[in-house]
There are 2 protein chains.
Amino acid sequence: MAKIQSKKNSTKKEIIIEKAAGLFKEKGYGAASMRDIAETVGVEAASLYNHIQSKAEILQAICFKVANEFISHLEEVERNSEPTLKKMETIIRVHIRMMLEQYEYVYISDHEWRHLPEPYLSNFLNQRRSYRKRLSDIIEEGINKNEMKNIEPYVAVLTILSAISGIESWQRSRKSTSAETLEANMVKYLIEGLKK
Amino acid sequence: MAKIQSKKNSTKKEIIIEKAAGLFKEKGYGAASMRDIAETVGVEAASLYNHIQSKAEILQAICFKVANEFISHLEEVERNSEPTLKKMETIIRVHIRMMLEQYEYVYISDHEWRHLPEPYLSNFLNQRRSYRKRLSDIIEEGINKNEMKNIEPYVAVLTILSAISGIESWQRSRKSTSAETLEANMVKYLIEGLKK
DNA sequence: TTCTAATCCTAACACTTGTTAGTTTTCTTT
DNA sequence: AAAGAAAACTAACAAGTGTTAGGATTAGAA
């Protein structure tokens with residue numbers, strides 16, 4: 001019989017990762033200690049090592065989970081044959097929604113990847129570079145097909161991804177703007193700036 | 001006679017801050033130790049305390065130097081009476097150039113402010129909030145005067161500032177795109193998306 | 001040169017870090 | 001109930017943290 005933890009149908013390892021994510025987001029990877037994590041899990045620090053192998057493994061799990069999710073969404077978009085502008089809108093919406101719904105994980109993947117130990121660090125950066133290259137290929141196609149205005153694809157990708165990652169600051173705020181307003185307006189801004 | 005350090009006409013304190021900035025950017029505030037800083041300055045860790053009072057003081061100096069610079073640029077823009085779109089372009093260019101020319105300081109101010117001790121932390125966040133409010137006031141005026149398209153000012157400000165802070169990723173890269181291309185295209189993207 | 005102040009050094013402090021060893025408790029299965 | 005596995009505990013480790021004390025060395029002013 002498979003070993004399934006009672007609570008929320010998740011492994012203890014998954015619980016640890018989730019609690020750790022909260023702390024990594026709040027205090028940063030370096031400032032969140034194993035003893036901090038243990039306390040929020042409700043256990044002694046040493047006991048964590050029955051479920052994980054190291055602190056870095058937690059970070060890896062988070063960063064690569066996010067990366068894989070983005071990549072699989074991108075592959076789906078690449079497979080269909082909509083206009084390039086529509087493709088970019090879909091991608092932008094995916095990013096915004098990930099930022100809204102899986103904020104902690106995405107934030108950590110965005111900001112704490114530097115603490116990944118090798119060879120995971122190089123791996124992560126390669127994936128990232130390749131992902132951005134594929135986005136800029138879509139934009140380049142859009143320009144060639146006269147669906148988008150003539151903008152350096154690399155700069156457009158940088159602008160889009162960075163703009164979205166700024167939702168972090170909205171998440172931290174008192175949120176007088178609703179999530180729907182945020183998504184609608186950011187999509188509008190980023191797509192209008194791209195449109196021919 | 002005033003005590004002026006020989007090298008580069010800067011105080012030893014300024015040298016320490018500059019060297020520390022390099023390390024904060026590279027490894028993060030938490031991971032850069034006083035002994036690391038001391039080594040790059042060419043001195044023992046304890047000797048740093050003849051010139052600074054604490055590690056946190058270095059971070060404060062950096063964060064508030066950047067904040068003050070942005071605020072004084074904004075005040076200059078607010079004083080003149082150009083069209084709102086032109087005002088925003090100026091502000092965007094100021095931000096991009098700061099990101100290009102004072103990359104380390106701006107990066108730290110953007111990413112490591114969370115480690116500021118109170119009451120500096122609250123102070124910093126208040127300044128930040130007020131700065132963004134003043135930007136969104138300009139955009140709101142632009143919309144009312146029909147110089148800009150109807151976009152949530154808060155979201156526009158968030159998008160603009162975040163997009164620019166993404167230049168960090170360009171700085172880290174192999175820079176196959178020139179600084180001029182970067183600035184021109186990012187301004188184009190962000191202003192076109194704002195224009196009516 | 002002598003005095004003084006600035007700046008360096010070594011040593012140590014109290015504490016925190018991630019992690020391991022070894023033991024005991026708890027749960028699952030027979 | 002007995003046996004075995006899984007997961008908790010306590011205790012400790014070696015290393016690293018920011019910072020202070022106190023003494024040595026250097027530089028500038030008299």
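Every chain is numbered from 1 and lettered A, B, ... according to where its sequence line falls, protein lines coming before strand lines. Below, each value reflects all heavy atoms present in this structure, side chains not excepted, and no hydrogens, waters or symmetry copies.
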Which part of the nucleic acid does [X] contact within heavy-atom distance under 4.0 Å: base, sugar-phosphate only, or nothing?
| X | value |
| --- | --- |
| A31(B) | nothing |
| S47(B) | base |
| A38(A) | nothing |

Do NZ/NE/NH1/NH2 and the carboxylate oxygens of E39(B) and R35(B) come within less than 4.0 Å?
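Here E39(B) does not pair with R35(B) in a salt bridge, since their nearest N and O are not under 4.0 Å apart.
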What's the closest nucleotide to the side chain of A46(B) if the choices are dT19(C), dT19(D), dT10(C)?
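The answer is dT10(C), which lies nearest to the side chain.
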Considering only side-chain heavy atoms of M34(B), which listed nucleotide, dT10(C), dT19(D), dA12(D), is closest?
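The nucleotide sitting nearest to the side chain is dT19(D).
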Nearest-angstrom distance from the residue atom [atom1] of [X] to [atom2] of [N]:
| X | N | atom1 | atom2 | result |
| --- | --- | --- | --- | --- |
| I52(B) | dT20(D) | CD1 | P | 10 Å |
| Q53(B) | dT19(D) | CD | C1' | 12 Å |
| F24(A) | dG18(C) | CZ | C1' | 12 Å |
| E44(A) | dA6(D) | CD | P | 22 Å |
| L48(A) | dG18(C) | CG | P | 10 Å |
| N50(A) | dT10(D) | CG | C1' | 14 Å |
| R35(A) | dA12(D) | CZ | P | 14 Å |
| Y29(B) | dG18(D) | OH | C1' | 9 Å |

Given side chains that start at C-beta, do those of N185(B) and T177(B) come closer than 4.5 Å, heavy atoms only?
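The answer is no; the side chains never approach within 4.5 Å.
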Side chains of K13(B) and E57(B): closer than 4.5 Å at any heavy-atom pair?
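In short, these two side chains touch, coming nearer than 4.5 Å.
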Is the shortest side-chain N/O distance from H51(B) to OP1 or OP2 of dA6(C) below 4.0 Å?
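H51(B) to dA6(C) OP1/OP2: no side-chain N or O under 4.0 Å.
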Strictly below 4.0 Å: does K12(B) bring a side-chain N or O up to OP1 or OP2 of dA6(C)?
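Negative; the distance criterion is not met.
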Can you check side-chain contact (heavy atoms from CB on, under 4.5 Å) on Q127(A) and N123(A), steps first, answer last?
CA-CA 6 Å; Q127(A) 282 194 235; N123(A) 217 289; 3.8 Å; yes
Whether E14(A) side chain and T11(A) backbone form a donor-acceptor pair below 3.5 Å:
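A pair under 3.5 Å: yes.
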